[in-house]
Each structure stands twice: as structure tokens, then as C-alpha cells.
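The structure appears below as C-alpha cells.
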Amino acid sequence: MLFFPIVALVIASAQAAILTLETPKVVVTSATGSQLQSEQISLTQPLSTPVKISKGDKLKLTFQIVEKDDGKGVQPHQTFLRFYDAKSGEEGIQPVRVTNGGKAKFELVRQIISLSRVSNYGQLQDMAKPPVSLPPTSDEPLKVTLLIGSPVHSPLKIEFFDLVVPASQALPVHPEEPNFHPLPEIRHTFRPDQKMPPRPISAIFSAVVAAPWAILLALVSVDTT
């Protein structure tokens, strides 16, 4: 009985449509609006040149998700950007909004920009307050990967590029933080073991203690006779 459901599942998987991207592109602009970097993203390998954003810069990532056979735009069930720090092992997952036609846009900026400048399908993240999905950053670039999942399409994973962002600032020290630091180890000092007197002296004192009892027993025995 299990044969037919398994066969149906295999056939459904084989017939699942394949997704791809059209015109994936990343652009970095300065605070003045000048273009610092513009790269067309390959679907087979990540960019050879890391993408870098500094203070005042804005990163814009755009692409369209389509079916590979007919080029029809698709809105997948799940679309994420994965930011991974290979040095620390930290990662973050950022959901990406996609329109019904498959268009998506994601932005990272180093300054506050009016939300009116973002289209209805875009996302704006202020690097002055990094998104929760962005892991703590170090001197190691973040590997950016696109992950797409859909119940009616084959899953898609594309390595985009390495992203160099400003290192995370150290967390402010709480005034009561020292109260939670480990205390010094407590070491107990014990008195040295008590020394026993020499055996002859112990024997003499034992004899002195037992002598009255011996005399008493002797007297009692004399009286009974």
C-alpha cells in the first residue's frame, strides 16, 4: 500500500518546476549618491570581489525570481538571505519580501533614509541599528547566500558575494556587571594534625590512671577473704 504514495511523491518531485534569477545585481552608493560599486551577480559562483560598505554608504540588492522554463515571475513561499561569518561561526537569516511578479529588493544603509524612498516591495535596514538577523561582525567578511523554498518548486541556493561591513561595536558595560564576575577561590587553612606523645610516656600516664583501680580491687579482695 505504501508503494503508490512513494511513487506519487517521486513523480511530483521530478515534475517540480525549477526556479532561477533574472538580473541579480548589487549596487553600493555613497552618502552623496555617487556609485561606488556595481556588480552583476553570477548564478554559478560568488563574486570574486568582496562588496564593501562603509559609514554613509548604502547597499542595494535586487533580483527577480522566475521559473526557468517559461520565465514567469514567481513569489516563493520562503525567501531568505543568509549572512555567515566563517571565522566566528555566527550566522543570521534575513527574510526578503518578494512581489507577486517575483521582484525583490533588499537594502543596507549606514544612515537614516526616509522610508518614502523605498518601494512597496523593498526593505530598508539602518546599519546604525543593524537588523537582528545580521550576526555580530568582525574583520572577517560575511558570506551572503540566497535561500529560496517553495512547496511546488525545487529549492534554490545561490552564493552571492562576500560582504565587508564595519565591525560590531563593543556592548556598553553595565554598572552592576562586576557583581556577576567570578569571585576569587576560597582556600581553607587547617591546623596541623595533633602530635601523639611518645609511647613510654603514654604508658606511664595510663599506669597512673589505672593504679587507683588496681589498689581498690586489691582492697576489696582482701576484705572478702
Side-chain angles (χ1 to χ4, degrees), residues 18-68 71-76 78-88 90-99 101-115 117-128 130-131 133-149 153-168:
I18 299 176
L19 296 178
T20 187
L21 300 184
E22 284 190 354
T23 62
K25 186 177 182 180
V26 59
V27 177
V28 179
T29 55
S30 66
T32 59
S34 60
Q35 184 171 288
L36 303 177
Q37 186 177 0
S38 178
E39 303 282 352
Q40 293 288 341
I41 300 175
S42 171
L43 303 183
T44 57
Q45 60 183 3
L47 295 178
S48 58
T49 303
V51 178
K52 181 179 180 180
I53 55 174
S54 302
K55 184 177 181 180
D57 296 344
K58 179 177 70 172
L59 177 147
K60 182 172 69 173
L61 173 65
T62 57
F63 54 88
Q64 185 179 13
I65 305 171
V66 299
E67 291 185 349
K68 191 173 183 178
K72 180 181 178 181
V74 174
Q75 184 182 41
Q78 294 178 327
T79 305
F80 300 104
L81 285 175
R82 178 180 185 250
F83 301 91
Y84 175 67
D85 189 333
K87 182 177 181 180
S88 64
E90 297 281 352
E91 70 171 359
I93 302 296
Q94 173 65 47
V96 178
R97 295 178 188 146
V98 182
T99 65
K103 293 184 178 180
K105 178 168 70 173
F106 178 78
E107 294 183 343
L108 283 175
V109 298
R110 284 287 295 164
Q111 59 183 356
I112 298 176
I113 300 178
S114 173
L115 292 177
R117 295 178 59 183
V118 184
S119 64
N120 57 355
Y121 67 89
Q123 286 174 274
L124 182 71
Q125 299 290 348
D126 183 10
M127 283 297 293
S133 59
L134 197 68
T137 53
S138 60
D139 55 352
E140 189 77 10
L142 299 175
K143 296 186 179 298
V144 182
T145 305
L146 178 67
L147 305 173
I148 298 177
H153 298 89
S154 299
L156 182 63
K157 176 181 178 181
I158 301 177
E159 304 285 344
F160 272 170
F161 49 81
D162 289 346
L163 176 63
V164 179
V165 296
S168 300

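Residue indices begin at 1 and follow the sequence shown. FYI, side chains are in, hydrogens and waters are out, and symmetry mates aren't considered; it's all heavy atoms of this structure.
Here the side chains of Leu59 and Leu163 are in contact, with some heavy-atom distance below 4.5 Å. Looking at heavy atoms from C-beta onward, Leu19 lies in side-chain contact with Glu67 at the 4.5 angstrom threshold. With a 4.5 Å cut-off on side-chain heavy atoms, Ile158 and Ile148 do not count as touching. Looking at Thr145 and Tyr84, their side chains never come closer than 4.5 Å, going by heavy atoms from C-beta outward. Residues Phe161 and Val26 meet the side-chain proximity criterion, which asks for heavy atoms closer than 4.5 Å.
When atom types are taken as modelled, the side chain of Gln64 and the backbone of Thr23 share no donor-acceptor pair closer than 3.5 angstrom. Distance alone, capped at 3.5 Å, places no donor-acceptor pair between the Gln94 side chain and the Leu81 backbone.
When all heavy atoms are compared, the tightest approach of Pro24 to Phe63 is CA-CB, 3.8 Å. The shortest heavy-atom contact between Pro135 and Glu90 is CB-CB, 3.8 Å. Nearest heavy atom pair, residue Glu39 against residue Leu47, reads CB-CD1, 3.6 Å. For Ser30 against Asp57, the heavy-atom pair with the smallest separation is CA-OD1, 3.6 Å. Nearest heavy atom pair, residue Pro76 against residue Gly149, reads CB-O, 3.8 Å.
In this structure Ile93 satisfies the side-chain contact (heavy atoms from CB on, under 4.5 Å) test together with Phe80, Arg82, sequence neighbours excluded. Applying the salt bridge (Lys or Arg N to Asp or Glu O under 4.0 Å) criterion to Lys87, with sequence neighbours excluded, gives Asp139.
The distance from atom CG of Leu21 to atom CD1 of Ile41, rounded to the nearest 0.5 Å, is 8.5 Å.
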**Request:** Step by step, work out the side-chain contact (heavy atoms from CB on, under 4.5 Å) result for Ile53 and Leu36.
**Result:** CA-CA 9 Å; Ile53 55 174; Leu36 303 177; over 6 Å; no
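Identified under the salt bridge (charged side-chain N to carboxylate O under 4.0 Å, His left out) test for residues 153-164, with sequence neighbours left out: Lys143-Asp162.
Applying side-chain contact (heavy atoms from CB on, under 4.5 Å) to Val51 and the options Val28, Leu108, Val144, Val27 leaves one that passes, Val28.
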